[in-house]
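Quantities reported herein were computed from a predicted structural model and do not represent experimental measurements. Scope of the values below: all heavy atoms of this structure, side chains included, with no hydrogens, waters or symmetry mates. Residues take their numbers from the sequence shown, with the count starting at 1.
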Amino acid sequence: MEHIKFTFSATRQLSRPVQVGVVASGDLEVLFQPDQGNSLVVTIISSSENSEPRWQYLFERMRNTTEFPSGSLLLHDSAATPGLARLRIEQAFEEAADE
């Protein structure tokens, strides 16, 4: 297991915590906990060794099109593809923005 951590500037506040996916099902699990700060702290627990460059690239691409919310994002990746990972992360942000 590889543990990866990134911190990104956050430009928006979201209102509620969410869970998307279930790691026990073999699917990517994303847990988002909002806060009132100005950064998004991402922690990834990956079943794939040497996956940090892949995750770094994914978040760099997302940063070009997505306003990151303030809080913490925990991912259990279950060797998910980058496409599924991005889908689940965006889904978590969308659900956390719903009032």
Side-chain angles (χ1 to χ4, degrees):
M1 292 291 215
E2 184 174 17
H3 292 211
I4 303 164
K5 191 169 195 172
F6 301 114
T7 301
F8 300 99
S9 295
T11 57
R12 64 183 176 141
Q13 306 289 320
L14 298 180
S15 58
R16 63 188 190 103
V18 297
Q19 175 183 353
V20 178
V22 179
V23 73
S25 70
D27 194 4
L28 172 78
E29 179 181 57
V30 177
L31 304 166
F32 174 72
Q33 180 67 44
D35 68 21
Q36 298 302 311
N38 59 2
S39 62
L40 175 66
V41 177
V42 179
T43 304
I44 302 158
I45 301 171
S46 178
S47 59
S48 302
E49 291 297 320
N50 302 313
S51 63
E52 185 170 346
R54 175 174 53 98
W55 283 106
Q56 179 74 41
Y57 181 71
L58 174 76
F59 278 98
E60 291 298 328
R61 286 192 62 193
M62 285 185 71
R63 190 163 46 176
N64 292 330
T65 60
T66 303
E67 291 183 9
F68 287 149
S70 177
S72 61
L73 189 68
L74 173 63
L75 295 95
H76 294 96
D77 81 350
S78 298
T81 64
L84 176 61
R86 184 171 185 155
L87 175 75
R88 290 284 187 243
I89 294 164
E90 289 174 345
Q91 184 181 14
F93 292 162
E94 184 177 316
E95 286 187 25
D98 287 346
E99 294 295 324

Check whether any side-chain heavy atom of Arg16 lies under 4.5 Å from a side-chain heavy atom of Glu95, and answer yes or no. yes
In terms of hydrophobic clustering (I, L, V, M, F, W, Y; side-chain heavy atoms under 4.5 Å; direct or indirect links), are Leu40 and Leu74 co-clustered? no
Please name all residues satisfying side-chain hydrogen bond (donor to acceptor under 3.5 Å, both in side chains) with Glu90, sequence neighbours left out, ordered by chain then number. Arg86
What residue pairs, at least two apart or across chains, pass salt bridge (Lys or Arg N to Asp or Glu O under 4.0 Å) with a residue in residues 35-55? Arg54-Asp77
All salt bridge (Lys or Arg N to Asp or Glu O under 4.0 Å) counterparts of Arg61, not counting sequence neighbours: none
Which atom names give the shortest non-hydrogen contact between Ser15 and Pro34, and what distance separates them? C-CG, 4.1 Å
Side chains of Val41 and Lys5: does their closest heavy-atom pair fall under 4.5 Å? yes
Please step through side-chain contact (heavy atoms from CB on, under 4.5 Å) for the pair Arg12 and Phe93, ending with a clear verdict. CA-CA 11 Å; Arg12 64 183 176 141; Phe93 292 162; 3.6 Å; yes
OG of Ser70 to CZ of Phe32, rounded to nearest 0.5 Å, is 7.0 Å
Between CD of Glu29 and CG of Leu75, what distance do you get to the nearest 0.5 Å? 9.0 Å
Kindly compute the distance separating CG (Leu87) from CD (Glu94), expressed to the nearest 0.5 Å. 10.0 Å
Would Val30 and Phe8 show up in the same hydrophobic cluster when neighbours are defined by side-chain heavy atoms closer than 4.5 Å? yes
Verify the cluster assignment for Ile45 and Ile89: are they in a single hydrophobic cluster under the rule of side-chain heavy atoms below 4.5 Å apart? no
Testing the basics here: between Leu28 and Ser78, what is the closest heavy-atom pair and its distance to 0.1 Å? N-CB, 4.5 Å
Once the angle between the rings of Phe6 and Phe59 is folded into 0 to 90°, is it parallel (under 30°), tilted (30 to 60°) or perpendicular (over 60°)? tilted
Do Phe68 and Val42 touch side chain to side chain, with heavy atoms closer than 4.5 Å? no
Is the side chain of Arg88 donor-acceptor paired with the backbone N or O of Gly21 at a distance under 3.5 Å, no angle test? no
Working to the nearest 0.5 Å, report the span between CD of Gln33 and CG of Leu14. 11.5 Å
With no hydrogens and no angle check, is any side-chain donor or acceptor of Glu2 less than 3.5 Å from a backbone partner on Ser51? yes
Heavy-atom side-chain contact between Met1 and Ser46 under 4.5 Å: no
Is the closest side-chain heavy-atom distance between Asp98 and Val18 below 4.5 Å? no
The reported gap from CH2 in Trp55 to CD1 in Ile4 (rounded to nearest 0.5 angstrom) is 7.5 Å
